Amino acid sequence: MGTLTHFSARKSASLGVDFLLKKVNKENREEDMVKLVDLMEKYMDDDDMGIDFDEVRDMVADKNGALNQYLNRALDELDPHVLKTTVLNLGFEAMLSGTKKMHKMRKIHDCNIPWLILMDPTSACNLHCTGCWAAEYGNKLNLTYDEMSNIVSQGKELGIFFYMFTGGEPLVRKDDLIKLCEEHKDCQFLAFTNGTLVDQAFCDEMKRVGNMMLAISLEGSPEVNDLRRGQGVYGKVMAAMDLLKKNGLVFGSSICYTSKNCASVVDKEFVNLMVDKGCRYALYFHYMPVGNEASVDLLPSPEQRIYMKNRTREIRNLRTGEGLFTMDFQNDGEYMDGCIAGGRNYFHINANGDAEPCVFIHYSDTNIRTHSLLEILQSPLFMAYHKNQPFNENHLRPCPMLENPGRLQEMVKETGAKSTDLQSPESASHLCAKCTDYAKTWKPYADKIWSEEKEVTTNK
């Protein structure tokens, strides 16, 4: 099959979504969903993404399967304009067209080119959560609108059509975020938020532009959540989710799991609550002991980490799952061939403009105010990532800090990268020393699992 042009493929995808949205009778939806999979396969026929399109078609057509039911809920519950824009921008532009261009740019420039960029519009926040540096820095650090828009414009030239915002609290800058959505109509945006600034006016704006998603921070039960974030915050989050669902908007949850909360944030009651509230995804982050005062006691035990790995995969199983798409960024390293930072799949720009290889790695040798996006990706620190990835052949030990602490220290020393923590600069040796015991303890468990999984794959 010949490869479709960008214009004709996007137009076909747009028409396909229109047909799906018009079909009130669910009995016929599967046919058009399968046709969209056919279109995706045809468009990507010269770029191997490792997708078994026959299996995808089978799961989409299976009315009793988790994927089919997930898609039908989205069709029933999401605002039509929001759904269509998300499919076209996140699905077509970012996952398909952008990926093709990104792969070409990697070959041309011989460096990492990411799939997404994470940036902090501001260090300001309306909450004062325990242990968060934003509470100390207030609104002192901000990226200007023009700086953020310029990053997006440069990124699109490299094939990057997905942008995430964190902070601080990014919705402190909600007007500028909506303006970015308007200016870059072909991109998808996601904001990590505490959820307390979500109101009807903002929902109206999200519906109007169609290309903004949210990931709302949660830490489990009301008691655990409010202990760190403040009394009544959990209730405000639940109210925000109800409002977002009522308006047919795309959102999910963002969850940091620790030794104290890992069981509660994946139990069936919690997952069912998220699905009922209208969450489409849950993004799980392994606790990282970043910062001079960070506690190593919050690091999960090996048994807890294994439980999280197995449970998040059980929840998201596309045939038998529970209706919530989950990602566990540490334990899913095996699907991404290890570490995704340093521009390999993403990197982070803080509110001071410093380009950091990872949101958890606060070291930099470049800044967006003095370097172009391509210069950042070709800088010594980012090229050290490019040269050394993967940091371990066992992708259940992907990180150069958490599971391979010596690797981060080497890269920081070799490149002369400096700490970007303006509150309390932390040396790489101090940071990595907190991970040494964890890495040693996790290694035999990870190696055993990795060996067993490879043996199963080999014997298939």
Side-chain angles (χ1 to χ4, degrees), residues 3 6 43-51 93-119 147 150-164 186-187 329 332-350 353-395 397-401 404 406-418 420 428:
T3 302
H6 179 276
Y43 184 71
M44 298 302 292
D45 68 351
D46 61 347
D47 199 346
D48 183 13
M49 295 180 65
I51 297 174
E93 296 291 357
M95 291 185 176
L96 300 183
S97 180
T99 297
K100 288 166 70 76
K101 188 171 184 178
M102 176 190 73
H103 287 166
K104 292 178 181 177
M105 291 295 115
R106 287 176 179 176
K107 293 178 180 178
I108 292 171
H109 298 294
D110 193 26
C111 66
N112 283 335
I113 303 291
W115 185 63
L116 70 89
I117 293 176
L118 178 65
M119 54 182 155
E147 285 172 337
N150 185 38
I151 287 297
V152 177
S153 295
Q154 290 184 64
K156 289 194 288 187
E157 292 298 314
L158 297 173
I160 308 165
F161 288 83
F162 192 21
Y163 297 84
M164 294 183 174
D186 52 352
C187 291
F329 288 90
D332 284 343
E334 63 178 294
Y335 300 115
M336 306 301 295
D337 294 329
C339 172
I340 64 173
R344 183 167 170 269
N345 284 95
Y346 97 105
F347 76 96
H348 177 237
I349 300 167
N350 69 18
D354 300 310
E356 303 168 335
C358 175
V359 70
F360 300 114
I361 304 294
H362 298 167
Y363 304 95
S364 178
D365 59 358
T366 49
N367 188 288
I368 64 165
R369 290 162 184 159
T370 55
H371 297 78
S372 70
L373 191 52
L374 187 57
E375 287 171 341
I376 287 168
L377 294 167
Q378 293 178 333
S379 71
L381 181 58
F382 279 70
M383 289 305 293
Y385 266 76
H386 177 64
K387 174 184 175 183
N388 287 286
Q389 288 166 323
F391 297 105
N392 197 300
E393 292 304 318
N394 180 341
H395 299 322
R397 297 195 287 130
C399 180
M401 175 187 72
N404 307 278
R407 306 301 295 277
L408 178 62
Q409 293 182 74
E410 292 170 3
M411 290 190 295
V412 169
K413 182 178 179 180
E414 289 173 1
T415 62
K418 306 298 182 184
T420 56

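In this text, all values refer to a predicted model and were calculated from it rather than measured experimentally.
A salt bridge (Lys or Arg N to Asp or Glu O under 4.0 Å) check over residues 353-362, counting only residues at least two apart or in different chains, returns nothing. Every pair passing salt bridge (Lys or Arg N to Asp or Glu O under 4.0 Å) that includes a residue from residues 360-373 is listed here, sequence neighbours excluded: Glu147-Arg369.
For Arg106, the salt bridge (Lys or Arg N to Asp or Glu O under 4.0 Å) test picks out no residue, with sequence neighbours left out.
Between Ser379 and Thr366, the shortest heavy-atom distance links the atoms CB-CG2, 3.6 Å. The two residues Cys187 and Tyr163 come nearest to each other via the heavy atoms SG-CE1, 3.9 Å.
Interatomic distance, OG of Ser372 versus CD of Gln154, reported as 5.5 Å (0.5 Å rounding). To the nearest 0.5 Å, atoms CD (Gln389) and CD1 (Ile340) are separated by 10.0 Å. The CZ atom of Phe347 lies 11.5 Å from the CG atom of Leu381; values are rounded to the nearest 0.5 Å. In this structure, CD1 in Ile113 is found 4.5 Å from CG in Leu158, a value given to the nearest 0.5 Å. The CD atom of Glu93 sits 10.0 Å away from the NZ atom of Lys101 when rounded to the nearest 0.5 Å. To the nearest 0.5 Å, the span separating CG on Leu118 from SG on Cys358 amounts to 9.0 Å.
The closest side-chain heavy-atom distance from Met411 to Met383 is not below 4.5 Å. The closest side-chain heavy-atom distance from Leu374 to Cys111 is below 4.5 Å. Side-chain contact between Leu408 and Tyr385: present, with at least one pair of heavy atoms (C-beta onward) separated by less than 4.5 Å. Looking only at side-chain heavy atoms (C-beta outward), Leu373 and Ile117 come within less than 4.5 Å of each other. Contact annotation: the side chain of Asp110 approaches that of His386 to within less than 4.5 Å [non-hydrogen atoms, C-beta and beyond]. With a 4.5 Å cut-off on side-chain heavy atoms, Met95 and Phe161 do not count as touching. Residues Phe382 and Asn112 fail the side-chain proximity criterion, which asks for heavy atoms closer than 4.5 Å. Looking at heavy atoms from C-beta onward, Arg344 lies out of side-chain contact with Cys339 at the 4.5 angstrom threshold.
Not one N or O on the side chain of Glu414 forms a donor-acceptor pair closer than 3.5 Å with the backbone of Pro380. Put simply, the side chain of Arg407 gets close to the backbone of Phe391: a donor and an acceptor are under 3.5 Å apart. The backbone N or O of His109 lies less than 3.5 Å from a partner atom in the side chain of Gln378, making a donor-acceptor pair. Side-chain atoms of Asn345 do not come within 3.5 Å of backbone N or O of Trp115 as any donor-acceptor pair.
Side-chain atoms of Asn388 and Glu410 include no donor-acceptor pair closer than 3.5 Å.
Test Ile368, Ile349, Ile151 against Ile376 for side chain to side chain contact (heavy atoms under 4.5 Å, CB included) and you get one pass: Ile368.
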